[in-house]
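So that the names make sense, note that chain A is the first sequence line, chain B the second, and so on, each numbered from 1.
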There are 2 protein chains.
Amino acid sequence: MIATFAALSEPSRFRIVELLRAGPCTVNVIGERLGLQQPQVSKHLKVLKDVGLVDVEPRATQRFYELRGEPLRELHAWLEDYRALWDERFDAIDEVLEGMKTKEKAHGRKQKK
Amino acid sequence: MIATFAALSEPSRFRIVELLRAGPCTVNVIGERLGLQQPQVSKHLKVLKDVGLVDVEPRATQRFYELRGEPLRELHAWLEDYRALWDERFDAIDEVLEGMKTKEKAHGRKQKK
DNA sequence: GGGGAATATTCCTGTCAAGGAATGTTGTGG
DNA sequence: CCACAACATTCCTTGACAGGAATATTCCCC
């Protein structure tokens, strides 16, 4: 997951990912659209591929890079654990947990608050 | 957003965030629990604060660092746009889009495939 | 108000990664 | 088989950043 963060923390790479959201793309096309030179694009794609954010499908002399959802799904799942920090709908859960804690303590000994 | 990625791409910082999920915490306590020296903890916290991932509340001589949800919420929202990549429930949308594309092409001229 | 706890900041060093330029590789069409 | 097109890979240089040690700051308490 940290590797995914590192990969996406690079502006050019982030833009590549956003570009690939529209569908598979070729190295040169990526370079044209983002104003990057071909070698840099290849290097960035290599990084993205190493962390599984991208997949390659060779076709003749050119290679189509395609976005892979798995790492993004992993990030999404991780963020779910923090949802209570911003989603007020999760306040109810907080209350439930608070209630459970109180109950547990009351069981063991006494209630603190 | 990229700044958030960069902040979270550092292992110690990532662990600090995960630790703060349990609630606000003090610099020294963070250092103890994660086996980090105080100066490094302060530095990491500064980075986290600069990107808004953390907030400080001074209390006497010590400072309680608290996790802020906003950047995480932003990440979560960004990932929603990619959900179709892994969530099969979104396949329906793909079909709709595919249909629209076909229709559009048929309108303009002819259909390629 | 002086000393110590809690934290912040600085300086230094080594490492690592991005960009640029050049070169290597591979596949394809003629 | 050759020349070119599409990529990949080096080499080099430079800048950013993390860790460590030392020092500076801030604030409470006696």
Side-chain angles (χ1 to χ4, degrees), chain A residues 1-68 71 75, chain B residues 1-68 71 75:
Chain A
M1 185 143 37
I2 287 184
T4 307
F5 282 133
L8 292 174
S9 70
E10 217 283 329
S12 296
R13 237 132 50 195
F14 183 82
R15 293 174 64 203
I16 290 178
V17 167
E18 289 198 311
L19 199 168
L20 289 183
R21 185 162 118 68
C25 201
T26 259
V27 176
N28 277 333
V29 172
I30 294 175
E32 292 170 10
R33 304 216 187 175
L34 300 187
L36 299 174
Q37 300 191 319
Q38 176 265 319
Q40 330 297 340
V41 176
S42 284
K43 287 190 234 177
H44 285 313
L45 285 171
K46 177 179 176 58
V47 175
L48 292 175
K49 183 161 180 285
D50 285 344
V51 302
L53 267 170
V54 126
D55 208 5
V56 202
E57 185 187 353
R59 196 121 73 198
T61 173
Q62 50 191 5
R63 315 207 166 168
F64 286 80
Y65 281 85
E66 181 178 11
L67 203 52
R68 280 194 62 232
L75 285 196
Chain B
M1 185 138 43
I2 287 184
T4 306
F5 282 134
L8 292 174
S9 70
E10 215 286 328
S12 297
R13 238 133 49 196
F14 183 82
R15 293 174 64 203
I16 290 178
V17 167
E18 289 198 310
L19 199 168
L20 289 182
R21 185 161 117 70
C25 201
T26 261
V27 176
N28 277 333
V29 172
I30 294 175
E32 293 170 7
R33 301 214 190 177
L34 300 187
L36 299 174
Q37 299 191 319
Q38 176 266 319
Q40 330 298 338
V41 175
S42 285
K43 286 189 239 177
H44 285 312
L45 285 171
K46 178 179 175 56
V47 175
L48 292 175
K49 183 162 180 285
D50 286 344
V51 301
L53 268 170
V54 126
D55 208 5
V56 201
E57 184 186 354
R59 196 122 74 195
T61 171
Q62 49 191 4
R63 316 207 165 167
F64 286 79
Y65 281 84
E66 181 178 12
L67 204 52
R68 280 193 63 231
L75 285 195

Participant: Less than 4.0 angstrom between a side-chain N/O of B/His44 and OP1 or OP2 of D/dC17, yes or no?
Facilitator: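 For B/His44, the contact criterion (side-chain N or O under 4.0 Å from OP1 or OP2 of D/dC17) is not met.
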Participant: Give a yes or no answer on whether the side chain of A/Arg68 reaches the backbone of A/Asp55 with a donor-acceptor pair at less than 3.5 Å.
Facilitator: no
Participant: With a 3.5 Å cut-off and just heavy-atom distances, do the side chain of A/Gln37 and the base of C/dG19 make a donor-acceptor pair?
Facilitator: no
Participant: Tell me whether the OP1 or OP2 atom of D/dA18 has a side-chain N or O from B/Arg13 closer than 4.0 Å.
Facilitator: yes
Participant: Choose from C/dT7, D/dA6, C/dA5 the nucleotide whose nearest atom is closest to any side-chain atom of B/Thr61.
Facilitator: C/dA5
Participant: To the nearest Å, how far apart are A/Lys46 NZ and C/dA18 C1'?
Facilitator: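 After rounding, the gap between these two atoms is 15 Å.
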Participant: Below 4.0 angstrom from OP1 or OP2 of C/dA6, is there any side-chain N or O of B/Tyr65?
Facilitator: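 No, no such contact exists.
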Participant: When you check the phosphate oxygens OP1 and OP2 of C/dT9, does a side-chain N or O of B/Ser42 lie under 4.0 Å from one of them?
Facilitator: no
Participant: Report the distance from atom CD of A/Gln40 to atom P of C/dA22, rounded to the nearest whole Å.
Facilitator: 13 Å
Participant: Is there side-chain contact between B/Glu66 and B/Leu20, with heavy atoms separated by less than 4.5 Å?
Facilitator: no
Participant: What's A/Phe64 touching, base or sugar-phosphate or nothing? Going by heavy atoms closer than 4.0 Å.
Facilitator: nothing
Participant: For a quick check of understanding: with a heavy-atom distance under 4.0 Å over all strands, which category does A/Gln62 fall into, base, sugar-phosphate or nothing?
Facilitator: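 Touches sugar-phosphate only.
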Participant: From CZ of A/Arg15 over to C1' of C/dA18, roughly how many Å is that when rounded to an integer?
Facilitator: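 Checked: the CZ to C1' distance equals 15 Å.
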Participant: Once hydrogens and angles are ignored, does a donor-acceptor distance under 3.5 Å link the base of C/dA8 to the side chain of B/Gln38?
Facilitator: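 Side chain to base: pair found, below 3.5 Å.
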Participant: Could you check whether B/Arg59 gets within reach of a base, just the sugar-phosphate, or nothing at all, counting any heavy atom under 4.0 Å?
Facilitator: nothing
Participant: In whole angstrom, give the distance that lies between atom CD of B/Glu32 and atom C1' of C/dA5.
Facilitator: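 Between C1' of C/dA5 and CD of B/Glu32: 13 Å.
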Participant: Could you check whether any side-chain heavy atom of B/Val27 comes within less than 4.5 Å of a side-chain heavy atom of B/Gln62, counting everything from C-beta outward?
Facilitator: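 B/Val27 vs B/Gln62: side chains apart.
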Participant: By the 4.0 Å heavy-atom rule, please label A/Pro39 as base, sugar-phosphate, or nothing.
Facilitator: base
Participant: What is the distance from CG of A/Leu45 to P of C/dG19, rounded to the nearest Å?
Facilitator: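 Going from CG in A/Leu45 over to P in C/dG19 covers 13 Å.
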Participant: When you measure from the side chain of B/Arg13 to the backbone N and O of B/Ala7, does any donor-acceptor pair fall under 3.5 Å?
Facilitator: yes
Participant: Picking from C/dT28, D/dT9, D/dC7, which would you name as closest to the side chain of A/Asn28?
Facilitator: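 Given the options C/dT28, D/dT9, D/dC7, the side chain of A/Asn28 is closest to D/dC7.
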Participant: Mark yes when over 12 heavy atoms from residues, nucleotides or ligands other than A/Arg21 sit less than 6.0 Å from its CZ; otherwise mark no.
Facilitator: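 For A/Arg21, atom CZ is crowded (more than 12 foreign heavy atoms under 6.0 Å).
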Participant: Would you mind reading off the distance between B/Arg63 atom CZ and D/dT26 atom P, rounded to a whole angstrom?
Facilitator: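 Checked: the CZ to P distance equals 9 Å.
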Participant: Would you kindly give the CG-to-P distance between B/Asp50 and D/dC17, to the nearest whole Å?
Facilitator: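 Distance check: B/Asp50 CG to D/dC17 P gives 11 Å.
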Participant: Taking atom P of D/dC7 as reference, at what distance in whole Å does atom CG of A/Leu36 sit?
Facilitator: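 Rounded to whole Å, this separation is 14 Å.
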Participant: Side chain of B/Lys43: nearest nucleotide among C/dA18, C/dT10, C/dA8?
Facilitator: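 The listed nucleotide nearest to B/Lys43's side chain is C/dT10.
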Participant: Is the shortest side-chain heavy-atom distance between B/Leu75 and B/Thr4 below 4.5 Å?
Facilitator: yes
